[in-house]
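Take a look at the structure set out below.
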Amino acid sequence: MKDKISQTFKRLFNSEPIIAFAPGRINLIGEHTDYQEGLVFPAAVEQGICVAIQKNNGPSCRLYSEDFQEEFVFDISSFSPKKGHWANYIMGVVSQFQQAGYNLEGFDLVFGGNIPASGLSSSAALSVAIGTALTELFRFTITKKSIVLYAQKAEHLFAGVKCGIMDPYASAFGVKDRALLLDCRTNTHFEVEVDFGDHSLVLINSKVKHNLADSAYNKRREACEASVKILQATYPEATTLRDIPIKDIEKVGQILPENLFAKAKHVITEIDRVNLASNALHAGDLTVFGNLLKESHRSLSKDFEVSCPELDFLAEKSWTLPGVIGSRMMGGGFGGCTINLVSKAQLENFETAMYTAYLQKFQITADFIPVALSEGARILE
Ligand code: GLA
């Protein structure tokens with residue numbers, strides 16, 4: 001991928017680029033908790049986005065997407081979001097750098113990726129790769145955490161998705177063979193060594209992406225914020241659902257209207273599940289860990305209502321198969337992938353059974369994506 005991007009850059013712009021890479025991410029558990037200052041448990045994967053960049057001594061930024069085979073040009077001193085366009089992630093990060101006071105000049109850029117499915121956060125990978133590339137190109141001193149925050153803000157302002165911090169954070173801070181137990185209140189993490197022994201993690205790409213995803217995402221976030229407002233009468237110190245103790249869940253059920261309660265309950269119980277899951281991994285108890293994955297899925301599907309028939313089918317079907325420790329929908333929902341922890345000895349049978357069942361039910365050929373926990377964003381030499 002790196003060579004291809006670099007060659008395209010040289011062909012189009014006739015100069016030697018700097019190359020930055022940022023990976024996509026998986027999430028073991030902790031879904032829709034990040035924007036309520038909860039806990040999440042993501043990791044970077046091997047696949048990601050490569051960006052080739054160089055200054056052009058002019059006022060314009062000339063962009064080329066290798067995957068869309070499409071160019072886009074904007075003026076460094078005057079630009080605005082363009083609905084639904086990939087260039088938003090780039091302009092969004094540029095805009096954040098400028099707002100923070102960094103002086104940027106025109107540049108040329110080519111990017112492309114090998115992220116094989118939706119739900120692995122290619123948008124965060126792109127934004128973090130851009131932040132990493134700009135930092136190197138202009139020799140700025142910017143911490144990884146600032147790049148993460150710029151990437152998140154860029155997505156809010158230029159793509160209109162009020163996402164949490166998990167995706168860019170995992171893309172920036174990923175470490176080989178480790179997951180990040182990330183506290184989205186303090187924006188700090190512990191690295192947790194992950195060794196599933198005789199089991200492997202595999203994603204199943206549902207190959208659906210329901211187009212209400214972005215607006216539904218923002219609505220879920222608003223529902224959580226509405227719950228917090230109501231709960232503040234009883235919990236005056238609470239600023240997010242993170243502040244509501246799991247032991248009070250029944251009491252919360254008496255305070256909130258039914259539809260809000262279901263959403264709040266997901267977040268409060270999911271934060272608890274992240275704690276339990278990290279303890280289970282620490283103790284090497286895969287059975288407990290697997291059961292938490294299943295509970296997480298049920299809660300995302302029934303209470304938080306961000307699943308869809310395809311993801312429900314993939315999760316529920318997998319639970320009936322031999323060798324499956326646990327599985328669940330992963331990421332924002334409404335399509336994308338499920339994450340599955342499966343015994344290596346049963347992996348082939350598992351894939352055959354899932355492929356056949358999914359094809360029969362939805363006439364879709366599922367893809368199976370093995371994942372390895374990997375290093376975060378970096379400059380490639
Ligand atoms: C998307 C968002 C993240 C997070 C997940 C759900 O991936 O970008 O911030 O909220 O959904 O856990």
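Quick note: residue numbers are just sequence positions, from 1. For ligands, and for the atoms within them, numbers begin at 1 and follow the listed sequence.
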salt_bridge(K55, E105) N-O dist < 4.0 Å
no

Under a 4.0 Å N-O cut-off, is there an ion pair linking R185 with E37?
yes

Short list, please: which atoms of ligand 1 are under 4.0 Å from a heavy atom of G331?
6 (C), 11 (O)

Close N or O approach ([X], ligand 1; < 3.5 Å):
X: G164; answer: yes
X: T33; answer: no
X: Y35; answer: no

What protein heavy atom sits nearest [atom], and how far off is it?
atom: atom 10 (O) of ligand 1; value: Y217 OH, 2.6 Å
atom: atom 4 (C) of ligand 1; value: D34 OD2, 3.3 Å
atom: atom 5 (C) of ligand 1; value: M166 CE, 3.8 Å
atom: atom 1 (C) of ligand 1; value: D167 OD2, 3.6 Å
atom: atom 6 (C) of ligand 1; value: H32 N, 3.3 Å

Pair D243, T239: side-chain N/O donor-acceptor within cut-off below 3.5 Å
yes

In this structure, is the centre-to-centre distance between the rings of F111 and Y89 below 6.0 Å?
no

Proximity of Y150 and F97 rings by center, below 6.0 Å
yes

With the threshold set at under 4.0 angstrom, would you say R25 reaches ligand 1 through any of its heavy atoms?
yes

For ligand 1, is there an atom lying under 4.0 Å from some heavy atom of S121?
no

Any side-chain to backbone donor/acceptor pair from T269 onto H266? Under 3.5 Å, distance only.
yes

Parallel, tilted or perpendicular, as decided by the 30° and 60° cut-offs, for the rings of F313 and F362:
perpendicular

Is NZ or CZ of K2 both nearer than 6.0 Å to the six-membered ring centre of F21 and within 45° of the ring axis?
no

